[in-house]
J.: 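Submitted below is the structure of interest, expressed as structure tokens.
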Amino acid sequence: QVQLVESGGGLVQAGGSLRLSCAASGSFFSIPAMGWYRQAPGKQRELVAAITSGGDTNYVDSVKGRFTISRDNTKNTVYLQMNNLKPEDTAVYYCNAKVMLIVKDFWGRRTQVTVWGQGTQVTVSS
């Protein structure tokens, strides 16, 4: 079983910074991709940033230039550095990972599963 444990949320004033962390634990073969989603009250969950094991990144337009995603493959941990935070960044932030399991199926293929963290609240005051 794979688990994601997040940390780093909190309350910050507009213009401030926060750093989120998400560590994966359990038994797995690899984690091809990790990312951060967020969900504000009354809105759909949206992808904020994602990163592959090779370091390729992707960001939603609204955070480009302000947020930076990174990962430490040796620790199976992904980070989200959030600078110049705005009130509209207020949301619950969820860590997400695409995980390849160890066990192979009858045809020798590994199964990929999607795992979610429990979420961490980020509140930006104006």
Side-chain angles (χ1 to χ4, degrees):
Q1 186 174 357
V2 182
Q3 290 185 325
L4 300 178
V5 178
E6 304 153 347
S7 61
L11 172 65
V12 65
Q13 288 188 332
S17 298
L18 284 174
R19 188 191 194 209
L20 306 182
S21 300
C22 172
S25 63
S27 297
F28 47 86
F29 179 75
S30 67
I31 307 179
M34 301 185 80
W36 290 94
Y37 287 70
R38 67 186 178 187
Q39 188 166 20
K43 295 188 177 181
Q44 288 188 329
R45 189 174 297 190
E46 66 170 350
L47 174 65
V48 176
I51 185 169
T52 67
S53 57
D56 294 329
T57 59
N58 183 42
Y59 297 91
V60 67
D61 286 345
S62 60
V63 307
K64 288 180 179 178
R66 300 188 297 122
F67 291 10
T68 302
I69 190 169
S70 61
R71 64 186 282 176
D72 184 338
N73 292 328
T74 64
K75 298 180 180 179
N76 296 312
T77 299
V78 64
Y79 306 95
L80 185 67
Q81 178 66 43
M82 304 184 292
N83 297 329
N84 190 22
L85 282 160
K86 303 176 180 181
E88 51 264 42
D89 294 318
T90 295
V92 178
Y93 284 69
Y94 296 92
C95 180
N96 169 283
K98 302 292 190 291
V99 180
M100 296 296 291
L101 301 180
I102 296 173
V103 177
K104 296 182 180 180
D105 63 17
F106 179 81
W107 296 273
R109 300 170 304 189
R110 288 193 169 89
T111 301
Q112 178 173 293
V113 297
T114 298
V115 183
W116 291 92
Q118 78 281 5
T120 185
Q121 177 70 45
V122 171
T123 303
V124 185
S125 62
S126 57

J.: Can you tell me which residue pairs pass the disulfide bond (SG atoms under 2.5 Å apart) test with a partner in residues 39-77, sequence neighbours excluded?
T.: none

J.: Applying side chain to side chain contact (heavy atoms under 4.5 Å, CB included), run through M100 and I31 and close with a yes or a no.
T.: CA-CA 6 Å; M100 296 296 291; I31 307 179; over 6 Å; no

J.: Answer yes if W36 and W116 sit in the same cluster of Ile, Leu, Val, Met, Phe, Trp and Tyr residues linked by side chain heavy atoms under 4.5 Å apart, and no otherwise.
T.: no

J.: Mind checking what makes side chain to side chain donor-acceptor pair (under 3.5 Å) contact with E46, not counting sequence neighbours?
T.: R38

J.: Consider only side-chain heavy atoms of I, L, V, M, F, W and Y, link residues closer than 4.5 Å, and tell whether V115 and V92 are in one cluster.
T.: no

J.: Checking L47 against N58 for the side chain to side chain contact (heavy atoms under 4.5 Å, CB included) test, could you report, in this order, the C-alpha distance in whole Å, the side-chain angles of both residues, the deciding distance, and whether it holds?
T.: CA-CA 9 Å; L47 174 65; N58 183 42; 4.0 Å; yes

J.: K64: what forms a side chain to side chain donor-acceptor pair (under 3.5 Å) with it, not counting sequence neighbours?
T.: D61

J.: For T74, give me all partners under side chain to side chain donor-acceptor pair (under 3.5 Å), at least two apart in sequence or on another chain.
T.: D72

J.: Of the non-hydrogen atoms in I102 and R110, which two are nearest, and what is the gap between them?
T.: O-NE, 3.2 Å

J.: Answer yes or no: is there a donor N or O on one side and an acceptor on the other, between the side chain of T57 and the main chain of I51, under 3.5 Å?
T.: no

J.: Please check this pair: side chain of R45 against backbone of Q39, looking for a donor-acceptor N/O pair closer than 3.5 Å.
T.: no

J.: Are M34 and V113 connected into the same hydrophobic cluster when the rule is that any two of I, L, V, M, F, W, Y join if their side-chain heavy atoms are below 4.5 Å apart?
T.: yes

J.: Report the distance from atom CD of Q112 to atom CG of L101, rounding to the nearest 0.5 Å.
T.: 9.0 Å

J.: With side chains defined as the heavy atoms from C-beta onward, is the minimum distance between I69 and V78 less than 4.5 Å?
T.: yes

J.: Any ring-ring contact (aromatic ring centres under 6.0 Å, His included) pairs touching residues 50-84, not counting sequence neighbours?
T.: none

J.: Calculate, to the nearest 0.5 Å, the distance between atoms CD and SG belonging to Q118 and C95 respectively.
T.: 9.0 Å

J.: Taking distance alone, no hydrogens or angles, what donor-acceptor pairs closer than 3.5 Å link side-chain atoms of residues 14-29 to residues at least two apart or in another chain?
T.:
from : atom 1 : to  : atom 2 : distance (Å)
S17  : OG     : N83 : OD1    : 2.9

J.: How long is the gap from CD on E6 to CG on L80, to the nearest 0.5 Å?
T.: 11.0 Å

J.: Just wondering, do R71 and S53 contact through their side chains at under 4.5 Å, heavy atoms?
T.: yes

J.: Taking salt bridge (charged side-chain N to carboxylate O under 4.0 Å, His left out) as the definition, give me every residue that meets it alongside D105, ordered by chain and number, with sequence neighbours left out.
T.: R109

J.: So do the side chains of V103 and T111 get within less than 4.5 Å of each other, counting heavy atoms only?
T.: no

J.: Please test T90 against V122 for side chain to side chain contact (heavy atoms under 4.5 Å, CB included), starting from the C-alpha separation and ending with a verdict.
T.: CA-CA 5 Å; T90 295; V122 171; 5.9 Å; no

J.: Which salt bridge (Lys or Arg N to Asp or Glu O under 4.0 Å) pairs, counting each pair once, include a residue from residues 90-103, with sequence neighbours left out?
T.: none

J.: Is any side-chain heavy atom of D89 closer than 4.5 Å to one of R66?
T.: yes

J.: Using side chain to side chain donor-acceptor pair (under 3.5 Å) as the criterion, list what pairs up with Q121, not counting sequence neighbours.
T.: T123

J.: Any ring-ring contact (aromatic ring centres under 6.0 Å, His included) pairs touching residues 90-112, not counting sequence neighbours?
T.: none

J.: Provide the full list of disulfide bond (SG atoms under 2.5 Å apart) pairs with a residue in residues 25-67, sequence neighbours left out, each pair given once.
T.: none

